[in-house]
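In what follows, a structure is listed as structure tokens, so that the remarks can point back to it.
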Amino acid sequence: MSAVEFKHIPVLGQAVVEHLTFDASHPARLIDGTVGGGGHSAMLLAKYPKLELLGIDRDSMALDAAAENLKFAAERVMLVRGNYAELAALAVEHNWDQVDGILLDIGVSSPQLDIPERGFSWRSDGALDMRMDQRAELTAGRWLNRTSEAEMERVFREYGEINKSRALAKKACEMRAEKPFARTGDLVKLTDAVLGKSRPGKLPHPTLVFQAVRIAVNDELKQLETGLNTGVQMLASGGRMAVISFHSLEDRIVKNFFRRESTQCVCPPGLPVCCCGHEAALRIVTRHAVTADAEEVAANSRSACAKLRVAEKI
């Protein structure tokens, strides 16, 4: 797929622009840790002529698309292949010690879902890949064929929030003993065999299973926690961090992190004197998660699950 074909509608684009604000009269620096096709960054660069961007992404096709879509501001844009968990190190490499804004759009992008050979979607036949960074060795197929039953059960339970996680892991081990997992259809077959049809109004069972495997293969939750911690350290006073998540696990991590970092003391309740020494670093800007309105959901159904949370460095 070419950069031109890698088209990604920025979810909650207007909300990001509304909350991720800069002083238009002064130079400012933004790290987009999941730049994708550059949709959000393009909106911000167009609004703020003095804004500079460091765009990071693990996906080489996404970076090619971002370079094409951000040509109008090429002299203000640096694009780097890497992981947003490494954003502090990548920023320092480009002589950025502090930034005025950080944006993270967590999860898989629409173009990745729409490319069958990437293996992210259960709706199309393709190789069981699911790597966001195709330089990585671990694919979804290798994970399913090599992971212990106990670890698979944990991943299905914690990352997919699947009730029959133990039965699913046991069946996966039985199936791979007969024939190794290789195609997305193999994982759908496993899901159907154990979980059956989804109830009306609920997420399809394969969506939950594919989500769990994808998170494990890409170590997404640990990287999110690392990215949040390093991001706060990079923010200048008054700088803002905006995070878009797409399922409860991610949103819970972001919500709890913002809550903790906006609290002066995190000692257990009942202690007469503070012993933790924790100092608040953030002010929460969005008391409740910002979600897409009906008009955006109608135009882009994948925005229905998106949640935006924003906090400001004290």
Side-chain angles (χ1 to χ4, degrees), residues 1-84 86-88 90-115 132-134 227 231 234-236 238-244 290 292-293 295-296 299-300 302-303 306 308 310:
M1 177 173 282
S2 68
V4 175
E5 294 171 313
F6 192 104
K7 295 178 180 178
H8 179 44
I9 302 172
V11 171
L12 296 174
Q14 292 300 328
V16 167
V17 173
E18 177 184 344
H19 288 91
L20 204 55
T21 56
F22 305 92
D23 185 343
S25 63
H26 290 85
R29 289 176 168 176
L30 166 69
I31 294 179
D32 188 340
T34 49
V35 71
H40 292 104
S41 290
M43 297 174 74
L44 291 164
L45 288 164
K47 182 175 181 179
Y48 298 102
K50 295 186 178 182
L51 181 65
E52 296 180 342
L53 170 73
L54 175 61
I56 303 168
D57 208 286
R58 289 179 278 186
D59 193 320
S60 61
M61 286 192 294
L63 290 173
D64 290 341
E68 179 68 22
N69 295 331
L70 302 177
K71 282 195 302 185
F72 72 93
E75 71 282 356
R76 296 185 281 135
V77 173
M78 294 183 293
L79 297 175
V80 181
R81 188 172 186 182
N83 192 313
Y84 64 82
E86 310 164 316
L87 63 83
L90 293 172
V92 169
E93 285 180 11
H94 291 81
N95 298 316
W96 284 22
D97 56 351
Q98 280 192 326
V99 297
D100 305 288
I102 294 174
L103 173 62
L104 301 177
D105 183 357
I106 308 302
V108 64
S109 69
S110 295
Q112 290 169 330
L113 284 168
D114 293 337
I115 304 172
M132 291 184 176
D133 186 340
Q134 293 188 297
M234 287 294 300
L235 278 177
R240 290 186 172 186
M241 175 183 286
V243 186
I244 300 173
V290 178
D293 58 23
E295 183 179 353
E296 180 174 359
N300 179 13
R302 287 173 180 163
S303 68
L308 169 68
V310 183

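Remember, it's a predicted structure, so these values are computed and weren't measured experimentally.
- Closest approach of D57 and G36 over heavy atoms only: OD2-N, 2.8 Å.
- M43 CE to L20 CG: the interatomic distance, rounded to the nearest 0.5 Å, is 11.5 Å.
- Among residues two or more places apart in sequence or in another chain, the side-chain hydrogen bond (donor to acceptor under 3.5 Å, both in side chains) test is passed with S41 by D32.
- Smallest separation of non-hydrogen atoms from V290 and H19: CG2-CE1, 4.1 Å.
- Note that CG of L30 and CD1 of I102 are 8.5 Å apart. Values are rounded to the nearest 0.5 Å.
- Minimum heavy-atom separation, F22 to A28: CD2-CB, 3.8 Å.
- Atom CG of D293 is separated from atom CG of L12 by 9.0 Å, given to the nearest 0.5 angstrom.
- The side-chain heavy atoms of V80 and H94, taken from C-beta on, include a pair separated by under 4.5 Å.
- Counting only heavy atoms from C-beta outward, the side chains of D59 and M132 never approach each other to under 4.5 Å.
- For the side chain to side chain contact (heavy atoms under 4.5 Å, CB included) with V35, the qualifying choice from I56, L54, L63 is L63, the only one to do so.
- The side chain to side chain contact (heavy atoms under 4.5 Å, CB included) with Q112 is formed by just one residue from the set V108, D114, I115; it is V108.
- Remark: E52 does not engage R76 in a salt bridge, criterion side-chain N to carboxylate O under 4.0 Å.
- In this structure, the salt bridge (Lys or Arg N to Asp or Glu O under 4.0 Å) partners of D133, at least two apart in sequence or on a different chain, are R81, R135.
- Nearest heavy-atom pair, N69 versus G37, reported as atom, atom and distance to 0.1 Å: ND2-O, 2.7 Å.
- In plain terms, the two heavy atoms of G33 and Y84 that are nearest each other are O-CB, 3.3 Å.
- Among residues two or more places apart in sequence or in another chain, the side chain to side chain contact (heavy atoms under 4.5 Å, CB included) test is passed with S303 by V11, A292, E296, V297, N300.
- A 6.0 Å sphere centred on CD of Q14 holds no more than 12 heavy atoms belonging to other residues, nucleotides or ligands.
- The structure places CD1 of I244 at 7.5 Å from OG1 of T34, a figure rounded to the nearest 0.5 Å.
- Here the straight-line distance linking atom CZ of R58 with atom CG of N83 works out to 4.5 Å at 0.5 Å rounding.
- Taking CE of M78 as the reference point, atom CG of N95 lies at 8.5 Å (rounded to 0.5 Å).
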